[in-house]
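Everything below concerns the one structure shown next.
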2 protein chains.
Amino acid sequence: MVTDPMMTASRFSTRPLYLQVRDALAARIATGDWQPGAAIPNEGDLAREFGVSSGTMRKALDLLESERLLTRRQGRGTFVNDQTSDELAERYSNIRAQGGEHISGDFQILDVSEGVANDAECTRLSVREHERVCRVRRLRLCHGKPFMSEHISMPASLFPGLAKRGEFPHRITILAQEFGVLLGKGQERISIDTASPEIAEALRLAPGTPVLMLDRLIHTLDGRPAEWRLGRCHCADKFYLAEFN
Amino acid sequence: MVTDPMMTASRFSTRPLYLQVRDALAARIATGDWQPGAAIPNEGDLAREFGVSSGTMRKALDLLESERLLTRRQGRGTFVNDQTSDELAERYSNIRAQGGEHISGDFQILDVSEGVANDAECTRLSVREHERVCRVRRLRLCHGKPFMSEHISMPASLFPGLAKRGEFPHRITILAQEFGVLLGKGQERISIDTASPEIAEALRLAPGTPVLMLDRLIHTLDGRPAEWRLGRCHCADKFYLAEFN
DNA sequence: AAGTGGTCTAGACCACTCA
DNA sequence: GAGTGGTCTAGACCACTTG
């Protein structure tokens, strides 16, 4: 049965069918129509529902799997990924402990607020001058000791009402899943900074100590900036891990 | 016409056909049977030559394109990538100038040698204790001024006779293409180091100046370590760019 | 107009998982 | 043994590039 409005126009659109199907399926995941962890119908049923061949449906599902929205297991079925799972939530966390393992530390929220975007935020988040952003300042701890200061800005339009909540999840992947935002590519600019008096105090360092400056931008799946983070990291026994193909 | 020895066994192997076809095509590129920049036969002809369907051939070609060995252009044809082209040669170079553009500087070779792998090289390059490695030490310059010291080690088995040559190409991608080595994934560990007296002198810094330490490992397409580079980088007006999906 | 890669179809059969 | 995803086939038609 064809129910999606998208399908009615599909045969007249120049956009490839498998991309239209992918968008429709992604929307079901974003809206929570298909819940994290749930199994979705098999390929054949989906193909019939959308009125496309199984090959086309397969190509759409392949794409969604590469975008980390689905996991397919031969003989078992296709499942909606839970972005709060350890494996997926660590997706954008590239600081590692000496041995290469992820750091399972705690966070300390310093401040959550909302306001009009400043110049830097307008540039990095590609928002207009009068648009509002949500800001978070926090410390990341390892064994109770702070090692990283984070200044985070997000377009308020993507996460409405976030600043008014008391709670704030540790990871952007969890926040995004709550708000029905699908995340995609990220990039991070890494350089050396020296700790300002404020940073030095927060990280319990001597002022002027060199720290890693991590300027990270995470986009939504469709390419809009979703989170800008400025981190200053004292990583004496840690390193940043970059992987590329 | 079926000529590849691989094909004779294909129907009895459990390895998927499209992967066997990919391997055979990759071998033609590695050996130089198909030259960089050259056009290869169209999908239909290739499918017929290998005795597979066009869909299977297509899947193999898709893979090779994602591995950056081929480029396909609708209406024109399929071409072997030239790894010495600017775009591809910069693949593993993540240091950027202020504006984000690649750095088109020069190199100064300090030393090229070959010897038995030391402990660190055995670990990082996964070679056995008695195996030989080729070593290069060099400086990278920007506007004539050195900004990065590099210590490079490569398994001598992958690049036989390299240490005895006077010439040494600037980029690992170019070297690999010369020696018929296909490159794949890379990873880089980034941390802060302070310049030793030797590094400080080479980079014309005060000893103890903080520098970015870049510990990079590049693998072959089939996953064997191909190059280990230890870089120390004074990047006052530069940054390291990490991108992830 | 001829040739190329890109999309799409409608199946068949295989490998794997689980009740 | 029933159900799932993974592989493979043999086409058709479309979009794009070039002579």
Side-chain angles (χ1 to χ4, degrees), chain A residues 2 4 6-25 28-29 34 37-81, chain B residues 2 4 6-25 28-29 34 37-81:
Chain A
V2 177
D4 269 86
M6 154 235 127
M7 288 310 299
T8 62
S10 69
R11 301 298 173 166
F12 306 104
S13 164
T14 64
R15 188 167 168 75
L17 244 189
Y18 72 92
L19 290 179
Q20 298 179 48
V21 171
R22 179 201 67 151
D23 292 347
L25 299 181
R28 292 191 183 181
I29 295 170
W34 285 342
I40 70 172
N42 69 47
E43 287 181 17
D45 287 350
L46 281 173
R48 237 164 286 126
E49 184 194 343
F50 280 84
V52 301
S53 77
S54 61
T56 298
M57 181 52 69
R58 186 164 187 76
K59 203 162 173 178
L61 294 170
D62 281 346
L63 241 179
L64 289 165
E65 187 169 37
S66 77
E67 293 168 335
R68 308 193 209 215
L69 297 183
L70 295 177
T71 298
R72 313 166 84 187
R73 282 180 235 163
Q74 190 175 15
R76 303 211 28 212
T78 302
F79 303 84
V80 178
N81 281 345
Chain B
V2 177
D4 270 85
M6 152 235 128
M7 290 311 299
T8 63
S10 68
R11 303 297 174 167
F12 306 103
S13 165
T14 64
R15 188 168 168 75
L17 245 189
Y18 72 91
L19 289 179
Q20 298 180 46
V21 172
R22 180 202 67 153
D23 292 346
L25 300 180
R28 291 190 185 180
I29 295 170
W34 285 341
I40 71 171
N42 68 47
E43 288 180 17
D45 287 351
L46 280 174
R48 238 164 285 125
E49 183 194 346
F50 280 85
V52 301
S53 77
S54 61
T56 297
M57 182 53 68
R58 185 164 187 78
K59 203 162 174 179
L61 294 170
D62 282 345
L63 240 179
L64 289 164
E65 187 170 38
S66 77
E67 293 168 335
R68 309 195 207 212
L69 297 182
L70 295 177
T71 299
R72 312 165 87 190
R73 283 180 233 164
Q74 188 174 17
R76 301 211 31 210
T78 302
F79 303 85
V80 178
N81 281 345

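Chain naming here is simple, since letters A, B, ... match the order of the sequence lines and numbering starts at 1 in each. Atom set for the values below is all heavy atoms of this structure, side chains included, hydrogens, waters and symmetry mates excluded.
With rounding to the nearest 0.5 Å, the separation of CD1 in I40(B) from CG in L70(B) is 5.0 Å.
One interatomic measurement links the two molecules: CD of E43(B) to P of dT9(D), which rounds to 14 Å at whole-angstrom precision. Distance Y18(A) OH to dG6(C) P: 9 Å, rounded to the nearest Å. Whole-Å rounding puts the R15(B) CZ to dG6(D) C1' distance at 15 Å. For the pair K59(A) NZ and dT7(D) P, the computed distance is 15 Å after rounding to whole Å. dG6(D) atom P lies 13 Å from atom CG of L46(A), rounded to whole Å. At whole-Å resolution of the value, CZ in R58(B) and P in dT4(C) are 14 Å apart. Whole-Å rounding puts the I40(A) CD1 to dG5(D) C1' distance at 11 Å. If you measure from atom CG of L17(B) to atom P of dC13(C), you get 17 Å, rounded to the nearest angstrom.
Proximity of residues 61-78 of chain A to DNA chain D (heavy atom under 4.0 angstrom from any strand atom) is restricted to R72(A), R73(A), Q74(A), G75(A), R76(A), G77(A), T78(A).
With T71(A) as reference, N81(A) is the one residue of V80(A), L64(A), N81(A) to meet the side chain to side chain contact (heavy atoms under 4.5 Å, CB included) rule.
Judged by distance alone, with hydrogens and angles left aside, the side-chain atoms of Q20(A) form a donor-acceptor pair with the main-chain N or O of R15(A) at under 3.5 Å.
Looking at R72(A) and R58(A), their side chains come closer than 4.5 Å, going by heavy atoms from C-beta outward. The side-chain heavy atoms of P41(A) and W34(A), taken from C-beta on, include a pair separated by under 4.5 Å. A heavy-atom distance below 4.5 Å is not found between the side chains of L69(B) and R28(B).
Listed pair T56(A) / dT9(C) meets the phosphate criterion, a side-chain N or O lying under 4.0 Å from OP1 or OP2. An OP1 or OP2 oxygen of dA15(C) is reached within less than 4.0 angstrom by no side-chain nitrogen or oxygen of T14(B).
Electrostatic pairing of D45(A) and R48(A) counts as a salt bridge here, judged by a charged N lying under 4.0 Å from a carboxylate O.
In the set dG5(D), dC8(C), dA10(C), the nucleotide with an atom closest to the side chain of P16(A) is dC8(C). Of the candidate nucleotides dG6(D), dC8(C), dT9(D), dC8(C) has the atom lying nearest to any side-chain atom of S53(A).
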